[in-house]
Amino acid sequence: LLPSFVEQLTPLYDRFQQSTQETQEDFTAYLKRHTNEVSTALLAVTDRRAQTSKLSALVKIYRKMRPLAQDQINGAIPALAQLLARHGVK
């Protein structure tokens with residue numbers, strides 16, 4: 001899943017890079033300001049996986065839990081941003 005998550009975050013990073021010409025904001029702060037967009041992008045990966053899965057029981061559980069996922073991911077974005085910063089994403 002990680003390569004797909006990176007692929008989904010790339011457009012956000014590109015927009016961040018363009019916006020830094022106007023501000024001194026780092027990517028950590030940018031992600032924190034765009035939590036809903038970030039979580040929607042990340043969930044698009046698992047949504048696609050669920051759509052193509054042949055495991056109907058798993059898909060059923062995913063669909064039931066999906067509405068709760070965005071809030072959970074939004075809460076984890078500050079930690080994700082710090083992790084990316086620690087590994088050199090600026």
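Scope of the values below: all heavy atoms of this structure, side chains included, with no hydrogens, waters or symmetry mates.
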Query raised in the report: Roughly how far, to the nearest 0.5 Å, is CD of Q51 from OG1 of T46?
Result: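 With rounding to 0.5 Å, OG1 (T46) is 10.0 Å from CD (Q51).
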On a heavy-atom basis, which atom in [X] and which in [Y] lie closest, and how many Å separate them?
{"X": "N74", "Y": "S39", "value": "OD1-OG, 2.8 Å"}
{"X": "A41", "Y": "Q8", "value": "O-NE2, 3.1 Å"}
{"X": "A50", "Y": "V59", "value": "O-CG2, 3.4 Å"}
{"X": "R63", "Y": "P67", "value": "O-CD, 3.5 Å"}

**Report entry** Greater than 12 external heavy atoms within 6.0 Å of R15's CZ
**Finding:**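 Yes.
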Query raised in the report: Has R49 got more than 12 heavy atoms of other residues, nucleotides or ligands less than 6.0 Å from its CZ?
Result: no
Query raised in the report: Is a donor on one side and an acceptor on the other found under 3.5 Å between the side chain of T10 and the backbone of V6?
Result: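 Present.
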Query raised in the report: Going by side-chain heavy atoms closer than 4.5 Å, which hydrophobic residues are tied to L42, directly or by a chain of links?
Result: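 Direct or chained contacts put L42 with L1, F5, L9, L12, Y13, F16, F27, Y30, L31, V38, L43, V45, Y62, I73, I77, L80, L84, V89.
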Query raised in the report: Under 3.5 Å, is there a donor-acceptor pair linking the side chains of Q70 and T40?
Result: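 Yes, T40 and Q70 have a side-chain donor paired with an acceptor closer than 3.5 Å.
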